[in-house]
Protein chains: 2
Amino acid sequence: MNKKSQLTNSQIIQAALSVAAEKGAGKVTLDAVAKVAGVSKGGLIYHFPSKEALISAMVQHLLDEAECQRTQQERTESSTLTAVLQTRAHFTRQIAGNTAMAILAAAAEQPALLQPVKQHNKDVLQQIQAEHGNALQATLLLLASEALIYHDLLNLSPFTAAERSALEQQLVQQARELQV
Amino acid sequence: MNKKSQLTNSQIIQAALSVAAEKGAGKVTLDAVAKVAGVSKGGLIYHFPSKEALISAMVQHLLDEAECQRTQQERTESSTLTAVLQTRAHFTRQIAGNTAMAILAAAAEQPALLQPVKQHNKDVLQQIQAEHGNALQATLLLLASEALIYHDLLNLSPFTAAERSALEQQLVQQARELQV
DNA sequence: ACAAAAATACCGACCGGTTGGTGCAGTAAA
DNA sequence: TTTACTGCACCAACCGGTCGGTATTTTTGT
């Protein structure tokens, strides 16, 4: 029953994501997740032996998804930096609702659970720095883009949708100019 | 006993800050805070009638402190943007430990508690945009600086201390060049 | 000036509810 | 027979918050 098991597995993660998004980061409880996933609590524990394991899987899932979208975008972009900026410009808000609270839940629960995210960011940064002669400037552009994400994460964005689009566009443009 | 009351009040907030920093955002409980503050739970509740009130006060305290440091820096800087960047470069890491988890605690508990932070950011942004002809570029610099803070916040920084200093220096320099 | 009264600051046992997690008997499918 | 669960009772720990009571300070009446 490997297939059904995998299915249930991803159902649970999706449920965890949606609980985080709808009820808030502090409300991701095993009971709530099990209920939304349509699984008994015992079933949940069968798949993820602890809450920590569940949240860790949640974070990993998010990371895999981001990675997937980025590599997809890289086919039509000329550098990693522009690919990242474009991906973020297009997909951020659609994922934001889910991602935000999930990350927050992880951070609140046990900060160490964000370690994979850190590693991922580090990898991306190194790749970008290697591609550009002006690594410092490339890094600044990447940072500005990250700040926009963090704004979504904590719902702290002071920008209107228009302002935000302008910023994203500007970032991509400057990134393109940076290429030699 | 107004003075002693105020003292206890700030002791409690300090305790809440240190609990958040040392134990993590998810461990800010009334019992833990009371214990660190050297106050009974009843005493804590006397000062802050609910956990929400406590965390709200915590956030406000942080905001006031940041505001104070910034206005202090503004005396020796020629623009709000450079003042902000300088302040962040010098003080971020020393506050980071406390601030980080406090903000996270607020976010996880009830996202609405971050509303004052949002307003504060908005005000700063508007002031900066009004001061610069190239508002877009000024905003990008501000954003990059914010990303560095968020890195501290979630302990996600991929930079070494040296890299980080270089980035901060670069930001200030570009901000100075932006002034006309 | 001084005691009675009132307001303030604080204690800590206690309560109802929640949480993460266990244990186990049973079952349907592979 | 193994895998993948269900369903439910149960648990210890913990959580936010209440409540009755107490010590101390301030206000007030005389």
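What you see below is based on every heavy atom in this structure, not just the backbone, and it leaves out hydrogens, waters and symmetry mates. Letters A, B, ... mirror the listed sequences (proteins, then strands); counts begin at 1.
Below the 3.5 angstrom threshold, one finds a donor paired with an acceptor across the side chain of A/K41 and the base of C/dG20.
The phosphate of C/dC10 (OP1 or OP2) has a side-chain N or O of B/H47 nearer than 4.0 angstrom. OP1 and OP2 of C/dG20 both lie 4.0 Å or more from every side-chain N or O belonging to A/S50. Phosphate proximity of D/dC5 to A/T8: present, with a side-chain N or O under 4.0 Å from OP1 or OP2. Taking only side-chain nitrogens and oxygens, A/Y46 never comes nearer than 4.0 Å to OP1 or OP2 of D/dC5.
No continuous path of ILVMFWY side-chain contacts below 4.5 Å connects A/I55 to A/Y46, so the two sit in separate hydrophobic clusters.
Rounded to an integer number of Å, the gap from CG of A/L30 to P of C/dG20 is 4 Å. Rounding to whole angstrom units, NZ of residue A/K23 and P of C/dT19 are separated by 11 Å. When rounded to the nearest whole Å, the span between CG of A/L44 and P of D/dG7 equals 14 Å. Atom CG of A/L7 and atom P of C/dA29 are 16 Å apart (whole Å).
At the heavy-atom level, A/G38 lies under 4.0 Å from the strands shown only through sugar-phosphate atoms. Looking at heavy-atom distances under 4.0 Å, B/V33 makes no contact with the nucleic acid at all.
A/Q72 and A/E67 form no side-chain donor-acceptor contact under 3.5 Å, judged by distance and modelled atom types alone.
Closest to the side chain of B/K51, from the set D/dG16, C/dG20, D/dG7, is D/dG16.
Mapping A/G42 and A/D31 onto DNA chain C via the closest heavy atom, the residue that lands nearer the 5' end is A/D31.
Panel note: side chain A/K27, backbone B/A108; no donor-acceptor pair is recorded below 3.5 Å.
By the 30° and 60° cut-offs, the orientation of the rings of B/F159 relative to B/H151 is tilted.
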